[in-house]
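We number each residue from 1, following the sequence as shown. Whatever order the structure lists ligands and atoms in, that order sets their numbers, starting from 1.
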Amino acid sequence: MSTYDASFRVWRGDTGGGELTDFTVEVNDGEVVLDIIHRLQATQAPDLAVRWNCKAGKCGSCSAEVNGRPRLMCMTRMSVFDPADVITVTPLRAFPVVRDLVTDVSFNYAKAREVPAFVPPKGVAPGEYRMRQIDVERSQEFRKCIECFLCQDTCHVVRDHEENKAAFAGPRFLMRVAELDMHPLDAAEETGLDRKRTAQDEHGLGYCNITKCCTEVCPEHIKITDNALIPLKERAADRKYDPLVWLGNKIRRR
Ligand code: SF4
Ligand code: F3S
Ligand code: FES
């Protein structure tokens, strides 16, 4: 078993500000960044705040930025770095810091609440729902989401633009809108809810210019851009330029 001393720079601070603090810390074979943060807590910085739960890449709690890249600390192996590297660990940049590596991600819960839930089809009892396999698989891909919010953190629309947050749901929740809009049993339209229109007008779909940074950081390898955002954009555009919809809107406006 090999062991070496790594150089870590960890952001320490709170809502009032903070700074990077240097540590030299032991690393052993097979360890991940979260192990090293735990060793720092155990040996040098007992009050270092970090959020985690599963240490298995499934709870989505240990999100942080490692050398500037949004990552799950529990799934980032130390073996991907050179022992001579200085490893910088900072809190998610798009969300307000609570303390040290813990951020306030309530923006995401607020955006989740803004997406109206699945509307069950009338006259079909639970257990009687039937869908094509391709539709099942689409939902299953999106439902692998562990709500780590790395995609929300990395998207340039909000990463450095606090002012865009009010109008933009972010990739995770636009993916939710896409899932529901493409769900063959969702009866939202029968209640007057037009998910394509709300994607544009209320969830800020137009802000996304398909840079795919969200897809690149997703630890579940969900093809957020290709399978959710681009199809949703196409469906919203089809609807906008559909001559029947255009005529209907014109008549309604009279
Ligand atoms: Fe995390 Fe991927 Fe879900 Fe975004 S879509 S919150 S990156 S698991
Ligand atoms: Fe942002 Fe992803 Fe679109 S990173 S711009 S939501 S493709
Ligand atoms: Fe659960 Fe990292 S601790 S995803």
Side-chain angles (χ1 to χ4, degrees), residues 31-39 41 48-66 68-78 89 91-95 100-103 105-113 115 138-165 167-180 199-200 202-237:
E31 288 185 330
V32 294
V33 169
L34 187 59
D35 288 315
I36 310 309
I37 295 295
H38 284 161
R39 182 162 299 121
Q41 281 183 321
L48 173 63
V50 57
R51 190 187 281 131
W52 69 286
N53 275 288
C54 69
K55 205 169 174 281
K58 286 296 161 212
C59 73
S61 302
C62 68
S63 302
E65 303 201 0
V66 181
R69 183 180 164 90
R71 285 177 174 274
L72 295 180
M73 286 188 281
C74 73
M75 298 303 282
T76 305
R77 292 196 169 277
M78 287 302 298
V89 188
L92 296 177
R93 190 163 105 194
F95 309 123
D100 301 335
L101 300 178
V102 177
T103 47
V105 293
S106 52
F107 161 77
N108 300 287
Y109 304 128
K111 292 297 172 183
R113 281 193 291 273
V115 180
R138 186 187 312 108
S139 280
Q140 279 175 337
E141 182 193 16
F142 300 153
R143 294 224 162 210
K144 285 193 301 179
C145 174
I146 59 170
E147 307 236 299
C148 64
F149 306 131
L150 294 180
C151 59
Q152 300 283 97
D153 177 58
T154 206
C155 178
H156 68 96
V157 174
V158 291
R159 188 168 172 82
D160 290 310
H161 298 281
E162 192 65 28
E163 70 279 10
N164 287 341
K165 280 188 173 172
F168 185 62
R172 194 271 168 265
F173 301 105
L174 286 167
M175 180 173 84
R176 176 75 179 138
V177 177
E179 181 195 345
L180 290 166
Q200 293 278 21
E202 292 170 26
H203 307 300
L205 180 63
Y207 282 79
C208 166
N209 56 353
I210 56 174
T211 55
K212 299 199 182 186
C213 311
C214 50
T215 302
E216 278 170 28
V217 298
C218 178
E220 286 294 320
H221 308 292
I222 302 170
K223 293 197 169 71
I224 306 168
T225 321
D226 287 352
N227 291 350
L229 306 182
I230 292 174
L232 186 59
K233 278 176 174 284
E234 287 170 350
R235 291 164 71 86

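For atom 6 (S) of ligand 1, the closest non-hydrogen atom of the protein is F149 N, 3.3 Å. Protein heavy atom in closest approach to atom 1 (Fe) of ligand 2: C155 SG, 2.3 Å. Among protein heavy atoms, the minimum distance from atom 5 (S) of ligand 1 is reached at I224 CD1, 3.7 Å. Scanning all protein heavy atoms for the shortest distance to atom 1 (Fe) of ligand 1 gives C148 SG, 2.3 Å. Atom 3 (Fe) of ligand 1 has its closest protein heavy atom at C145 SG, 2.4 Å. Of the protein's non-hydrogen atoms, C151 SG, 2.3 Å is the one closest to atom 4 (Fe) of ligand 1. Protein heavy atom nearest atom 7 (S) of ligand 2, with residue, atom name and distance: K212 N, 3.3 Å. Nearest protein heavy-atom contact of atom 2 (Fe) of ligand 1 is C218 SG, 2.4 Å. In this structure, the protein non-hydrogen atom closest to atom 2 (Fe) of ligand 2 is C214 SG, 2.3 Å. For atom 3 (Fe) of ligand 2, the closest non-hydrogen atom on the protein side is C208 SG, 2.3 Å.
Note: F149 and F173 have tilted aromatic rings, judged against thresholds of 30 and 60 degrees for the angle between ring planes.
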Practice prompt. Let me see the working for E202 and K111 under salt bridge (Lys or Arg N to Asp or Glu O under 4.0 Å), right down to the final yes or no.
Written response: CA-CA 10 Å; E202 292 170 26; K111 292 297 172 183; over 6 Å; no
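Set against the non-hydrogen atoms of T211, the atoms of ligand 2 under 4.0 Å away are 4 (S), 5 (S), 7 (S). Interface of H156 with ligand 2, defined as ligand atoms under 4.0 Å from a residue heavy atom, comprises 5 (S). Those atoms of ligand 2 that come under 4.0 Å of a heavy atom in T225, given as number and element, are 7 (S). Close contacts between ligand 2 and N209 involve ligand atoms 5 (S) [criterion: under 4.0 Å to a heavy atom]. Shown in contact with P171 at under 4.0 Å from a heavy atom are these atoms of ligand 2, numbered in order with element: 6 (S). Atom numbering of ligand 1 starts at 1 in the shown order; those under 4.0 Å from a heavy atom of R172 are 6 (S).
Within the 4.0 Å heavy-atom criterion, the part of L229 lying near ligand 2 is the side chain and not the backbone. Contacts with ligand 1 closer than 4.0 Å are made by backbone heavy atoms (N, CA, C, O) of E147 only, the side chain lying farther away.
In this structure, E147 contributes its side chain and G60 its backbone to no donor-acceptor pair below 3.5 Å. In this structure, the side chain of K55 does not engage the main chain of L34 through any donor-acceptor pair within 3.5 Å. Between the K212 side chain and the D226 main chain, no donor and acceptor come within less than 3.5 Å of each other. The main-chain N or O of C208 is found under 3.5 Å from a side-chain atom of K233 such that the two form a donor-acceptor pair. The backbone N or O of D153 sits less than 3.5 Å from a side-chain atom of R159, completing a donor-acceptor pair. Side-chain atoms of T103 do not come within 3.5 Å of backbone N or O of P91 as any donor-acceptor pair. At least one donor-acceptor pair closer than 3.5 Å links the side chain of Q41 to the backbone N or O of L48.
Look at C151 and atom 2 (Fe) of ligand 2: no N/O/S atom of the residue is under 2.8 Å from the metal. Among the backbone and side-chain atoms of C213, none of the N, O or S atoms lies under 2.8 Å from atom 3 (Fe) of ligand 2.
Distances shorter than 4.0 angstrom do not occur between any heavy atom of V217 and any atom of ligand 1.
In this structure, of I146, L150, T154, the residue bringing a heavy atom nearest to atom 8 (S) of ligand 1 is I146.
Using a heavy-atom distance under 4.0 Å as the criterion, the protein contacts of ligand 3 are W52, N53, C54, K55, G57, K58, C59, G60, C62, C74.
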